[in-house]
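Shown next, in structure tokens, is the structure this report addresses.
Just so it is clear: chains get the letters A, B, ... in the order the sequence lines come, proteins before strands, and each one is counted from 1. Just so it is clear, the values below take in all heavy atoms, side chains as well, and ignore hydrogens, waters and symmetry mates.
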Number of protein chains: 2
Amino acid sequence: MSAPSAPPAGGSVRDRLQRAAFDLFDEQGYDGTTVDAIAERAGVGRTTFFRAFRSKEDVIFPHHDDLLEQVKARLDAASQRHSLLAVSEASRLVLRHYLDEGELAVRRYRLTRSVPSLREREIAGMQQYQRAFREYIRTWMGDELRAELMAGSVITAHNAVLRRWLRGGVDDPEAQFDAAMAQVLDLFAERSGRGTAPTVVVVGSADDPAAVGAAVEQALRARRD
Amino acid sequence: MSAPSAPPAGGSVRDRLQRAAFDLFDEQGYDGTTVDAIAERAGVGRTTFFRAFRSKEDVIFPHHDDLLEQVKARLDAASQRHSLLAVSEASRLVLRHYLDEGELAVRRYRLTRSVPSLREREIAGMQQYQRAFREYIRTWMGDELRAELMAGSVITAHNAVLRRWLRGGVDDPEAQFDAAMAQVLDLFAERSGRGTAPTVVVVGSADDPAAVGAAVEQALRARRD
DNA sequence: CCTCGCGTTGGTACGCAGTACCGTAACGCG
DNA sequence: CGCGTTACGGTACTGCGTACCAACGCGAGG
């Protein structure tokens with residue numbers, strides 16, 4: 001198996017199947033491509049396809065389950081501090097995953113725009129993130145409706161940035177993500193008469209905590225002026 | 001046809017099919033019920049089923065297209081007044097439809113909660129309303145992201161009220177709807193006394209959530225000085 | 001070397017959703 | 001009565017997804 005015998009070259013069976021699927025989708029469209037055709041091009045049997053992917057649609061959203069688990073884990077890890085920032089960071093996880101995928105994400109985007117059933121599935125997937133956020137937010141906030149609005153807004157902002165990037169012509173989507181999240185956080189900030197409650201929003205992309213701290217200081221200084 | 005010949009009694013063919021479908025779904029579950037079984041119980045042929053409903057799922061969401069058109073028409077009619085209130089009223093249209101359905105809406109809710117594919121479809125349907133709202137809001141508002149947040153919030157609020165009613169134990173859902181929409185309107189109302197709201201924005205991301213939390217704490221301490 | 005077990009693959013058969021096509025019975029109309 | 005229209009039923013087909021079974025490769029142990 002490690003030595004490819006005849007025509008099928010490169011990568012694991014799963015990878016070959018995914019490449020074959022996307023290529024065929026581009027050539028003949030999604031509905032015009034049968035699972036048999038995908039398996040044939042990948043040089044494997046039809047049964048093997050359904051062993052590698054649960055369904056034909058699953059070829060297009062292979063990492064969704066993993067990503068959702070990552071998001072939930074991230075939220076659980078931060079569950080004691082209770083902040084919208086944790087939600088924002090979990091959402092950033094999703095964005096980064098798409099950015100890392102690069103061209104593949106764009107091809108998938110084209111497919112989801114043109115095939116209704118795939119569009120549905122993508123939307124349903126996003127709703128699962130929103131659900132995770134909602135439940136997390138509710139753990140520290142009493143107002144149920146407000147929790148839903150928050151979770152929905154984070155997802156909406158994330159999707160807006162992601163969509164712009166997928167459509168092309170965006171230099172640094174993560175900066176846009178920061179701006180969008182800042183807008184959301186500002187939206188849900190406590191109103192003025194309400195006493196103090198200073199909302200803190202961090203900007204930048206520093207993986208180093210000290211750098212984040214510095215950015216905070218800078219933001220505070222800038223705001224004082 | 002107006003005179004029922006043998007066993008199938010009552011209403012149009014469409015109604016008989018829908019009743020038969022929901023009854024069978026309750027008895028044997030959605031996946032355990034075939035289209036043949038539905039047609040048989042309704043006393044018609046299989047072909048007739050697909051003439052009355054585009055698909056098996058369509059039996060459960062029969063009025064969706066009509067409702068969506070109503071919503072769009074409502075928005076178009078109000079397109080000159082340009083207000084979030086118009087969106088709220090259009091959303092109320094959807095709520096009222098469910099309330100009028102009564103018990104049928106509850107049965108559908110039970111189904112959508114238990115069958116993933118139906119859940120997906122319902123979510124996708126809601127997304128279409130959100131899309132209509134978003135496009136309407138964008139016609140009078142420049143900020144694209146803010147338009148998305150508004151549309152999403154209206155849908156979220158609507159869904160929250162509807163869900164509570166579907167779960168049972170809510171006396172007057174329309175009053176709750178009013179309250180929820182008021183909260184949304186308040187959320188997007190222009191801020192008063194903008195200067196007194198000390199909103200500090202942090203930007204950036206640390207892969208370690210604890211580090212971010214620490215940075216925020218540090219920023220807040222610094223701010224108190 | 002053989003063979004036993006185990007995991008992976010491919011092939012076949014089946015159930016079911018959805019589509020296309022055709023035959024036919026019921027109805028209205030001149 | 002003849003004719004067109006319409007609604008309905010039946011048959012056949014494509015394609016996804018599942019279940020089951022046979023064949024092959026491969027390492028462990030005799």
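Going from atom CZ of A:Arg16 over to atom C1' of C:dT8 covers 13 Å, rounded to whole Å. Rounding to whole angstrom units, CD of residue B:Glu40 and P of D:dG10 are separated by 11 Å. Straight-line distance from the CD1 atom of B:Ile38 to the P atom of D:dG9: 15 Å, rounded to whole Å. Regarding A:Phe53, its CZ atom lies at a distance of 18 Å from the C1' atom of D:dT18, rounded to whole Å.
Checked against the 6.0 Å centroid threshold, B:Tyr129 and B:Phe133 do not count as a close aromatic pair.
Among residue pairs with one or both ends in residues 23-33 of chain A, those qualifying as salt bridge (charged side-chain N to carboxylate O under 4.0 Å, His left out) are A:Asp23-A:Arg107, A:Asp26-A:Arg107, A:Glu27-A:Arg41; sequence neighbours excluded.
Applying the 6.0 Å contact sphere to CD of A:Gln183 captures more than 12 heavy atoms from other residues, nucleotides or ligands.
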> Quick one: what's the B/S/- string for nucleotides 12-19 of chain C, heavy-atom cutoff under 4.0 Å, read 5' to 3'?
Replying inline: ----SBBB
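Test B:His158, B:His64, B:His63 against B:His97 for ring pair (Phe, Tyr, Trp, His ring centres under 6.0 Å) and you get one pass: B:His63.
Using a 4.0 Å cutoff on non-hydrogen atoms, no part of residues 110-123 of chain A comes near DNA chain C.
Looking at B:Phe61 and B:Arg108, their side chains come closer than 4.5 Å, going by heavy atoms from C-beta outward.
Using a cutoff of 4.0 Å between basic side-chain nitrogens and carboxylate oxygens, A:Arg163 and B:Glu144 are not scored as salt-bridged.
Using bins of under 30°, 30° to 60° and over 60° for the plane-to-plane angle, the ring pair B:Phe53/B:Phe49 lands in the tilted bin.
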> Under the salt bridge (charged side-chain N to carboxylate O under 4.0 Å, His left out) criterion, do A:Glu122 and A:Arg119 qualify, and how do the steps go?
Replying inline: CA-CA 5 Å; A:Glu122 192 193 34; A:Arg119 194 187 183 98; over 6 Å; no
